[in-house]
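All of these numbers come straight from a predicted model, not from anything done at the bench. Atoms within a ligand are numbered from 1 in the order they appear, just like the ligands themselves.
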Amino acid sequence: MSHAKLTEEFLKNEPKTDWHNETLWWVRSKRDVSSKGIPEWEELRSLASQIKDNVLSNIGNYLQEFEKNALANGVHVHWAEDGKEHNRIVQSIIEKHNAQRIVKSKSILTEECHLNQHLESNGFDVVDTDLGERIVQFAKQPPSHIVLPAIHMKREEVSELFHEHIQTEKGNSDPQYLTEAARNHLREKFLKADIAITGVNFGIAETGGFVVCTNEGNADMGVHLAPVHIACMGIEKLIPKFEHLGVFTRLLARSATGQAITNYTSHFHQPRPDQEMHIILVDNGRTKQLAREKFRNSLKCIRCGACMNTCPIYRRSGGYSYDATVPGPIGSILSPGFDLKKHKSLPFASTLCGSCSDVCPVKINIHEQLYEWRQVIAENGLDDMPKRFSMNIARKVLSSPKVYFTLGKIARKSLSILPKSLINNPLNAWGKQRDLPNPPKESFKEWYKKNRS
Ligand code: SF4
């Protein structure tokens, strides 16, 4: 279904749409205040962008360096070409350890690979331990935002879900009470876990180590208690050296939520003496995106979510309207690379105002890439028939002054006598929420001739 069609569903609840819009704008404003507290903010953005340029140009070398150092640290390294292979590897590790109970901290990559569905259909119990992720897991929904997975839900809805799943008091939506209940519920899961799965925010080629950033410490709780740790990492998450890490951690939390740093920035280098550690390096379409010259920059993304918080379309259409793991402006340039036909409406879900590019901490030219995708879609004949038809007519009319002025005259006359229902009717999507002003009696050219000649 197109983005516009799915948006209609979200817009049905107008007060909630307003609340979603205002909440994300509040997060965006916090990001502004926080970034202004760093005088060298723009230099940091440029530096991060250049470091990622270097990574993308030498990704093969950095991946090999990372693998060599991780192996030397005693970590098992696996390579997955796509989501299916990634899921098979995770399952094989689980089966090798005869494990049943799995705790997972937030990882967009595992969402992208549909890991939960794969493991659950094979009889394993997977518990998402990030609070927002647990909420959407109870609701049997995917995350609607990459940093704030349950941002589309109000606390009264969370209260209902918690009452149903973890038997909290009916109608009690006090955030402190609900958080406490979730903490007790998850603590038991951590204590019994056989395997902990985490994502990776940054993999460091120089050391073979990696960093996981969370605000709840749930990744650490899982990893510190479970005998096996599986870290799932997209191949673009690499940075060359340890000294580069500070550039990204200073940008990430400020861009995401306006915090100076995430509450937990956990470094992993090697397994504990009694633990096994695995890293799965996943491609899943990333090398294809790397080969697309105009779109390769999108692989610089550090998944901060700032482009979503600032986007006027995302804020008023919600994450589910994108029908993709990564929604919002960055999702709209990543998803067409996976499936152009399915996601052909996404590059048009933008005003091209450029606010996404302005806030992006790694300076991805998001709005320019959205525009590029629109051209690719038109070149492949995937744009809407009515739009293509009307654009062809517009091209003919606008390229001939004579036709333009004649049609202008006819349109002004007709619009002043024809009934408004011709424009504002349910069959005309444009006219559903718009009104045309009364047409002028004469064109500007005619007026100018009369008054200024
Ligand atoms: S594209 Fe930029 S702003 Fe958007 S999530 Fe990625 S890093 Fe953040």
As an exercise, identify every atom of ligand 1 less than 4.0 angstrom from a heavy atom of [X].
X: Ile364; value: 1 (S)
X: Ile366; value: 1 (S)
X: Cys307; value: 1 (S), 3 (S), 4 (Fe), 5 (S)

Minimum-distance protein heavy atom relative to atom 7 (S) of ligand 1
Ile302 N, 3.4 Å

heavy-atom search around atom 2 (Fe) of ligand 1 in the protein gives Cys360 SG, 2.4 Å

Between [X] and [Y], do the side chains contain an N or O donor and an N or O acceptor separated by less than 3.5 Å?
X: Gln259; Y: Thr257; result: yes
X: Thr249; Y: Thr265; result: no
X: Gln91; Y: Arg88; result: no
X: Thr198; Y: His229; result: yes

Out of Cys311, Gly305, Cys301, who is nearest to atom 6 (Fe) of ligand 1 when you count heavy atoms only?
Cys301

Do Lys52 and Phe248 form a cation-pi contact, if we require the NZ or CZ to be under 6.0 Å from the six-membered ring centre and within 45 degrees of the ring's axis?
yes

Closest contact, heavy atoms only, Ile279 versus Ala70:
CD1-CB, 4.3 Å

Within less than 4.0 angstrom of ligand 1, does Val359 place any heavy atom?
no

With a 4.0 Å cut-off on heavy atoms, is Pro361 in contact with ligand 1?
yes

Taking 2.8 Å as the cut-off, does Cys304 contribute an N, O or S atom near atom 8 (Fe) of ligand 1, distance below it?
yes

Taking side chain to side chain contact (heavy atoms under 4.5 Å, CB included) as the criterion, tell me which of Ile102, Val90, Val126 meets it with Ile195.
Ile102

